[in-house]
2 protein chains.
Amino acid sequence: MLAKKESEEFKDSISKALKRKQTIVLLAHSSISYSGRAEATLDYGDRIIIIKPDKTFLVHQPTGSNAVIYMKPGSQVEISEEDGELILQSSNMTLHELVEVRIKKIISFSSASLSDAERVQLFGTEKDMSDYIYNNPDIISKDFKPVSREEQTKHGYIDVFGHDKNDNLIVIECKRTKAGPGAPQQLRRYIERLSKSKGISPDKIRGIVAAPNITKNAEHMLKELGYKFKKIDPPAYLKRKKESQHRLERFN
Amino acid sequence: MLAKKESEEFKDSISKALKRKQTIVLLAHSSISYSGRAEATLDYGDRIIIIKPDKTFLVHQPTGSNAVIYMKPGSQVEISEEDGELILQSSNMTLHELVEVRIKKIISFSSASLSDAERVQLFGTEKDMSDYIYNNPDIISKDFKPVSREEQTKHGYIDVFGHDKNDNLIVIECKRTKAGPGAPQQLRRYIERLSKSKGISPDKIRGIVAAPNITKNAEHMLKELGYKFKKIDPPAYLKRKKESQHRLERFN
DNA sequence: GGGGAGAGATGCCGC
DNA sequence: GCGGCATTTCTCCCC
């Protein structure tokens, strides 16, 4: 239970930080509830509460990598007091969502104006993988001639699209991790649509799943559908192997 | 750039907090790199860095609800100094992953021993929805007799399974949000397997997608496959409507 | 804004 | 541990 004076001080500090569009981090003994797309409750415990200047509202427990309760950017924050507890409410009118945090004790309070214009650069995505295949078609097959990447059909797109020396169409679906049953189904869907739109028998279109690995089931489905699996490591792995893993040498 | 003395003090504080298995929150001007399943870099900016006692390592930017760089629980943290920067490394030997944070300036440092044994209680999941259908079968059809929920087939499971008054099998796939093209495909897959394992013509098995809504494409696919869509609101919404929305009355 | 699919997805449960 | 799948998924991209 927060003393009246302490409570007033925190309320004041948090209000000021909110007004100044600062980032707020609280370590606090609190209970949480969420109501919106679903309903969630979390009984009293020590939590990390983050309020960002874009009004993202996050509640983390002392374990695990995901916020257990959260509100998306653009919500609205209000502070009040009740029964010796400090109450934080984050609400989003348009999404009809509400989070309520009841704070019994504040262990730590920090706030600061943070400035960050950078964006994460990510390498080794599925896109990079399809680029790699497009630029190195022999890893699929000696006679594979790629025509386009990310071919836009009206619904969804094909990762790599091309033909073999006999002008059979080839459709490749890439997965950067082990391919599951979704991959053959995606391939089937694309090929069915392609066959209809081009007036070609589906048998004339070769389907290939390119991934570092595939589950037994997905492999079985592929076989049933008459498609092939091609083992391809994602670019990051290839790159690392070639670069003798200078950054990861500690793991050798 | 951190002054030598300041740097030493922070290094000491962080080391002590780590040793005591405390939760650490840093607001710091820093650059981040990740190497593992992919490669990622993030140039200098103000970030929120969290190290939890289970060695979860999180880097948040001042916007957005997800960590931009992270390490899963169980990694290992080391601190060092180089060129007037404090360097935090989080590594996971088994996953061959490494995060490196180069800190130019520490804006705020907090640490505390947090204690939290609670777990989030979540209501309104897809599971709750299939339970609801199982217990209120007339919302699907007057003659629907449910037999089981979450029927375990060898590969995947069926949300609700039953039959009509003519003993035709009925398979229901629930989605708690708008159903996309995955739903009809899942249904098709289940029904194909079921028809094979039971030796029944697929035409004798009725497929139903139960969801609050469905995309145009998914609806079209459903029709092609001969399945039906049934509009069902997820339980949380139903519940809220009945309870006259006392918690959400502020939205009225 | 809706639709579709990737994500370093994560996390859960079942075999 | 693998596999299949939900997630208050989130996020991006394209129509």
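Lettering of chains follows the sequences in order, A, B, ..., and the numbering in each one begins at 1.
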Just how far, in rounded Å, is P of dC2(D) from CG of Asn217(A)? 15 Å
In terms of side-chain heavy atoms, does Glu39(A) have a donor or acceptor partner in Tyr34(A) at a distance below 3.5 Å? no
d(CG, Leu222(B); P, dG3(C)) in whole Å: 14 Å
Looking at DNA chain C, which of residues 60-76 of chain A put a heavy atom within less than 4.0 Å of it? Ser65(A), Asn66(A)
Starting at atom CG of Asp233(A), determine the distance to atom P of dG8(C), rounded to an integer number of angstrom. 18 Å
Is the closest side-chain donor-acceptor distance between Asn217(A) and Thr215(A) under 3.5 Å? no
Determine whether a donor-acceptor pair (N or O, by modelled atom type, separation under 3.5 Å) exists between the side chain of Ser75(B) and the backbone of Lys55(B). yes
Would you say NZ of Lys228(B) has more than 12 non-hydrogen atoms from neighbouring residues, nucleotides or ligands within 6.0 angstrom? no
Using the C1' atom on both, measure dA6(D) against dC10(D) and round to a whole Å. 14 Å
Per atom distances to the Thr125(B) side chain, the nearest of dT7(D), dA9(C), dA7(C) is dT7(D)
Measure CZ/Arg37(A) against C1'/dA6(D) and give the value in whole Å, please. 14 Å
Reckon Lys178(A) has a side-chain N or O less than 4.0 Å from the OP1 or OP2 of dG3(D)? yes
Can you name the one residue among Arg188(A), Glu126(A), Arg189(A) that meets side chain to side chain contact (heavy atoms under 4.5 Å, CB included) with Glu173(A)? Glu126(A)
If you compare every side-chain N and O of Gln186(B) against the phosphate oxygens of dG4(D) (OP1, OP2), does one of them come in below 4.0 Å? no
Would you call Gln61(B) and Leu114(A) a side-chain contact if the rule is heavy atoms closer than 4.5 Å? no
Nearest to the side chain of Ala38(A), heavy atoms from C-beta on, is which of dT8(D), dG4(D), dG4(C)? dT8(D)
What does the 5'-to-3' dot-bracket notation of DNA chain C look like when only Watson-Crick and G-U wobble pairs under 3.5 Å count, and pairs to other strands show as |? |||||||.|||||||
Roughly, in whole Å, what's the span from CE in Met221(B) to P in dG3(C)? 14 Å
Given the options Glu78(A), Glu100(A), Arg102(A), Gln89(A) meets side-chain hydrogen bond (donor to acceptor under 3.5 Å, both in side chains) only with Glu100(A)
Enter the distance from Ile133(B):CD1 to Lys230(B):NZ here, rounded to the nearest 0.5 Å. 10.5 Å
Take atom CG of Leu122(A) and atom P of dG8(C), then tell me their distance rounded to the nearest Å. 5 Å
Rounded distance in Å - CG (Asp159(B)) to C1' (dG4(D)): 13 Å
Check whether the side chain of Glu39(B) and the base of dG8(C) form a donor-acceptor pair under 3.5 Å. no
Among dC5(D), dT8(D), dC12(C), the one nearest any side-chain atom of Arg119(B) is dC12(C)
I want to check one thing: is the phosphate of dA5(C), taken as OP1 and OP2, less than 4.0 Å away from some side-chain N or O of Tyr190(A)? yes
Among Asp43(A), Val59(A), Thr41(A), Leu42(A), the one residue meeting side chain to side chain contact (heavy atoms under 4.5 Å, CB included) with Val120(B): Leu42(A)
Please work out which of the three classes, parallel, tilted or perpendicular, describes the rings of His29(A) and Tyr44(A), given edges at 30° and 60°. parallel
Using whole Å, what does the distance between atom P of nucleotide dA6(D) and atom CD1 of Ile158(B) come to? 13 Å
Please measure how far the C1' atom in dT7(D) lies from the corresponding atom in dG6(C), and state the result in whole Å. 15 Å
Counting only side-chain N and O atoms of Arg189(B), is one of them less than 4.0 Å from OP1 or OP2 of dC5(D)? yes
Less than 4.0 angstrom between a side-chain N/O of Thr177(B) and OP1 or OP2 of dT8(D), yes or no? no
For Ile214(A) and for Lys175(B), locate the closest nucleotide of DNA chain D by heavy-atom distance; then report the residue assigned to the nucleotide nearer the 5' terminus. Ile214(A)
